[in-house]
Amino acid sequence: MPKRGFKQMAAIPQIASLLGRRGRLVLDDVLAALVVDGHVSADDAKQLRMGNRAGRSTVELNPLVIIANAKLINQRDPGRPLSLEGLTEWLAGHADLPYMKIDPMKINVASVTQVISHAYAQRHRILPVAATTGDVTFATAEPFDNSWAKDLAQMLRRDVHRVVSSPIDINRYLQEFYGVQRSIQLARDAKNKSGYDPSAILNFEQLLELGKAGEVGADDRHVVHIVDWLLQYAFEQRASDIHLEPRRDAGLMRFRIDGVMHKVFELPPPVMTAVTSRIKILSRMDVAEKRRPQDGRIKTRATSGREVELRISSMPTAFGEKLVMRIFDPDIVAKDFSQLGFSPSEDALWRGMVERPHGIVLVTGPTGSGKTTTLYSTLKHLATPDINVCTVEDPIEMVSPELNQMQVQASIDLDFATGVRTLLRQDPDIIMIGEIRDLETAQMAVQASLTGHLVLSTLHTNDAPSAVTRLLDLGVPHYLIQSTLTGVVAQRLIRTLCPHCKLETQQDPHEWAVLTHGWSIPVPERVCKPVGCLECRNTGFTGRTGIYEMMELSPRLRGLVSAQLDLIRFGQAALAQGMRPLRISAADQVARGLTTVQEVLTVLPPVEQIEDSLP
């Protein structure tokens with residue numbers, strides 16, 4: 001008979017009566033139930049029971065937390081200890097209630113915190129997680145104590161539903177939900193006292209003046225609390241960007257996680273204005289200037305203690321200033337080549353391009369395609385003590401002690417071209433230019449390459465061959481491109497399947513044919529598909545990896561570079577020389593079980609669409 005996991009466990013009346021005989025959970029009863037159910041040995045239960053009595057503290061812990069902290073071996077699955085989530089799921093099964101992993105991004109905090117007071121929720125150790133006009137759902141870690149449910153149903157005049165959740169999650173989100181909501185309410189009250197009426201209908205001119213109210217109270221402790229919570233929450237959720245978007249009725253907080261936007265929270269307009277001002281103060285931006293876009297940066301620490309940098313960008317909109325904070329975690333931005341998603345052949349080709357003494361290597365792709373990660377990881381690899389690496393960036397993405405970094409300052413006429421001209425007098429070995437935007441910068445990059453320097457930079461093109469066309473469009477003579485350009489790498493980021501829950505499946509031949517159109521690549525025998533679990537917040541994906549199109553300029557390709565370059569012919573020649581398109585790089589990742597064809601096609605259009613768009 002196969003061993004049953006927590007999810008498959010049916011409620012057994014004997015165990016349910018054992019757990020619920022005293023209403024609230026007691027350690028002795030929970031251990032006895034686990035022994036009867038075969039998850040814990042009698043000896044382990046006895047030792048934990050005696051140890052808990054000997055070291056009992058004044059802090060009352062939920063029995064599930066005590067058992068999880070003991071890391072007892074699960075007798076039904078000896079390879080792993082009993083986890084708190086597994087124990088919670090087991091408890092829910094025997095209480096005949098749904099199990100719920102609390103995901104705060106799917107909870108309307110403003111709505112649920114209006115249902116009951118913080119004191120009442122804390123007294124009964126319950127957390128409202130969903131609320132409509134007809135019913136309310138509460139998370140509890142004490143499923144056999146339901147005395148409060150009947151009282152609340154009469155008091156609220158709504159149906160009350162219960163789910164079972166981790167006691168640690170309930171305790172944590174009780175503090176966060178009610179604490180943040182209280183700070184928002186107090187901050188809103190403070191703003192309203194200053195004369196701002198959030199219900200008033202404002203014209204465009206008044207909307208532009210709305211930000212002035214935010215200057216008052218930007219250092220208010222409630223606003224400080226909201227900003228601190230926002231940053232730490234973004235770090236925990238692995239967000240790459242935080243968006244604060246003012247609207248007429250409410251300000252939106254959204255996170256970009258693994259390339260996908262998620263709505264997190266709503267703030268009243270006056271509170272959003274104060275939060276925006278607080279962030280501008282932290283990033284040393286001009287708080288009084290609300291009509292011009294601004295840039296800034298914040299260096300802070302996550303709860304784990306690691307340093308995290310945020311790049312801030314503000315933009316004036318009709319309803320106030322929109323802020324975007326891009327998060328640069330040093331552990332994520334700078335990776336080994338093996339972690340970038342390079343195949344062995346791509347790794348060798350990339351090293352061959354960037355380990356040369358001179359030449360220009362370009363990384364291309366749209367915003368958010370991982371160009372910064374690739375360049376910083378490469379510079380970290382190249383920046384040895386005997387090499388002088390200098391960069392000119394707009395802005396500096398991440399301050400690194402191994403590099404000499406200069407930031408573009410348009411206000412004092414320090415642009416990319418001027419920066420590169422300065423760097424050439426600093427005896428560099430390697431120069432990184434944040435982006436080639438104009439002819440002057442491109443000419444300086446070419447000049448640096450001709451004088452014996454390795455130049456790394458980025459361009460915004462859709463594929464690698466188009467980078468040559470882009471340089472020609474900027475006005476770089478074709479003979480200079482022939483003599484200086486070493487190679488071009490186009491890249492994208494695709495989500496990777498969660499390793500904890502992905503399942504093997506068979507690949508649909510039609511989907512595979514769409515992805516590998518024009519290439520005779522056999523359909524893989526087994527691929528993987530997303531499922532969804534606690535680790536990936538039921539998305540089926542966690543993290544991202546790169547896919548690459550690497551074009552090294554061979555003598556034949558250099559010969560094809562001319563003032564009247566035929567891009568289609570040039571691209572075909574690059575393919576004939578061994579360049580693999582982004583689609584084929586992605587197909588390798590699908591065959592290795594790291595992602596799916598559907599995910600790739602959300603990032604890359606099918607070949608048929610590309611051919612239809614050609615003139």
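Taking H500 as the reference, nothing meets the ring pair (Phe, Tyr, Trp, His ring centres under 6.0 Å) condition, with sequence neighbours excluded.
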Practice item. For the pair N404 and T391, evaluate side chain to side chain contact (heavy atoms under 4.5 Å, CB included) and give the outcome as yes or no after the intermediate values. Key: CA-CA 6 Å; N404 301 296; T391 76; over 6 Å; no
Practice item. Decide side chain to side chain donor-acceptor pair (under 3.5 Å) for E393 and Q407; before the verdict, give the C-alpha distance in whole Å, the side-chain angles of both, and the deciding distance to 0.1 Å. Key: CA-CA 5 Å; E393 306 171 61; Q407 180 161 322; over 6 Å; no
Exercise for review: Begin from the C-alpha positions of V129 and Y173 and carry the test side chain to side chain contact (heavy atoms under 4.5 Å, CB included) through to its verdict.
Suggested key: CA-CA 10 Å; V129 292; Y173 293 120; over 6 Å; no
Check your understanding: Can you check side chain to side chain contact (heavy atoms under 4.5 Å, CB included) on T545 and I494, steps first, answer last?
Key -> CA-CA 6 Å; T545 190; I494 53 173; 4.0 Å; yes
Review point. Do T595 and V600 pass the side chain to side chain contact (heavy atoms under 4.5 Å, CB included) test, and can you show the C-alpha distance, the side-chain angles, and the key distance before you say yes or no?
Key: CA-CA 8 Å; T595 189; V600 174; 4.1 Å; yes
Exercise for review: Determine, step by step, whether Y376 and F328 satisfy the ring-ring contact (aromatic ring centres under 6.0 Å, His included) criterion, reporting the C-alpha distance in whole Å, the side-chain angles of both residues, the deciding distance to 0.1 Å, and the verdict.
Suggested key: CA-CA 11 Å; Y376 270 100; F328 292 99; 7.7 Å; no
Practice item. Step by step, work out the salt bridge (charged side-chain N to carboxylate O under 4.0 Å, His left out) result for R495 and D258. Key: CA-CA 6 Å; R495 292 188 297 169; D258 293 337; over 6 Å; no
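The two atoms that bring E289 and R291 nearest to each other are OE2-N, 2.9 Å, heavy atoms only. The minimum heavy-atom distance between P530 and T596, with the atom names listed, is CD-CG2, 3.8 Å. In this structure, V455 and A448 approach most closely via the heavy-atom pair CG2-CB, 3.7 Å. Between N388 and P428, the shortest heavy-atom distance links the atoms ND2-CA, 3.4 Å. Shown here for C536 and C501, the closest heavy-atom pair between the two residues is SG-SG, 3.9 Å. Annotation for A417 and T441: closest pair N-OG1, 3.7 Å, computed over non-hydrogen atoms.
Counting heavy atoms from C-beta on, the side chains of Q491 and V363 come closer than 4.5 Å. Within the 4.5 Å cutoff, no side-chain heavy atoms of V489 are placed close to those of T374. Side-chain contact between M253 and H243 is absent, with no heavy atoms from C-beta onward closer than 4.5 Å. Within the 4.5 Å cutoff, the side chain of V603 has no heavy atoms near those of the L493 side chain. Residues Y548 and L340 meet the side-chain proximity criterion, which asks for heavy atoms closer than 4.5 Å. Side chains of K280 and K290 form a contact here, defined as non-hydrogen atoms less than 4.5 Å apart. Annotation: side chain of F265 is in contact with side chain of V109 (closest heavy-atom distance under 4.5 Å). Contact check for S111 versus T132: no side-chain heavy atoms found under the 4.5 Å cut-off.
Note that R247 lies outside the cation-pi zone of F319, set by a 6.0 Å cut-off to the ring centre and a 45° limit from the axis.
Put simply, the side chain of S283 never gets that close to the backbone of I312: no donor and acceptor are under 3.5 Å apart. Using a distance-only test at 3.5 Å, with no hydrogens or angles considered, no donor-acceptor pair links the side chain of T317 to the main chain of K322. Here the side chain of S314 pairs a donor or acceptor atom with the backbone of Q294 at under 3.5 angstrom. The backbone N or O of A445 lies less than 3.5 Å from no partner atom in the side chain of S449, so there is not a single donor-acceptor pair. Under the 3.5 Å distance criterion, the side-chain polar atoms of Q232 are matched with a main-chain donor or acceptor of R301.
In this structure, CG on L604 lies 8.0 Å from CG on L515, to the nearest 0.5 angstrom. Rounding to the nearest 0.5 angstrom, the gap separating the CG atom in D394 from the CG atom in D295 is 7.0 Å. K371 NZ to L362 CG: the interatomic distance, rounded to the nearest 0.5 Å, is 12.0 Å. For the atom pair CD of Q405 and CG of L423, the computed distance is 11.0 Å after rounding to the nearest 0.5 Å. Of the inter-residue distances, the one linking F416 atom CZ with R437 atom CZ reads 4.5 Å to the nearest 0.5 angstrom. Here the CG-CG distance, from L485 to L553, works out to 5.0 Å after rounding to the nearest 0.5 Å.
With a 6.0 Å radius and a threshold of 12 heavy atoms from other residues, nucleotides or ligands, R284 has its CZ atom at or below the threshold. The number of heavy-atom neighbours closer than 6.0 Å to CG of D415, taken from other residues, nucleotides and ligands shown, is above 12.
In the model, E549 has no side-chain atom that pairs as donor or acceptor with a side-chain atom of S585 under 3.5 Å. Donor-acceptor pairing under 3.5 Å is recorded for the side chains of W350 and T378. Using modelled atom types and a 3.5 Å distance limit, the side chains of T364 and T461 yield a donor-acceptor pair.
At a threshold of 4.0 Å, the pair R421-E440 counts as salt-bridged, since one of the basic side-chain nitrogens sits closer than that to a carboxylate oxygen. At a threshold of 4.0 Å, the pair K101-D169 counts as salt-bridged, since one of the basic side-chain nitrogens sits closer than that to a carboxylate oxygen.
The residue from V468, T484, V446 that alone fulfils the side chain to side chain contact (heavy atoms under 4.5 Å, CB included) condition with V476 is V446.
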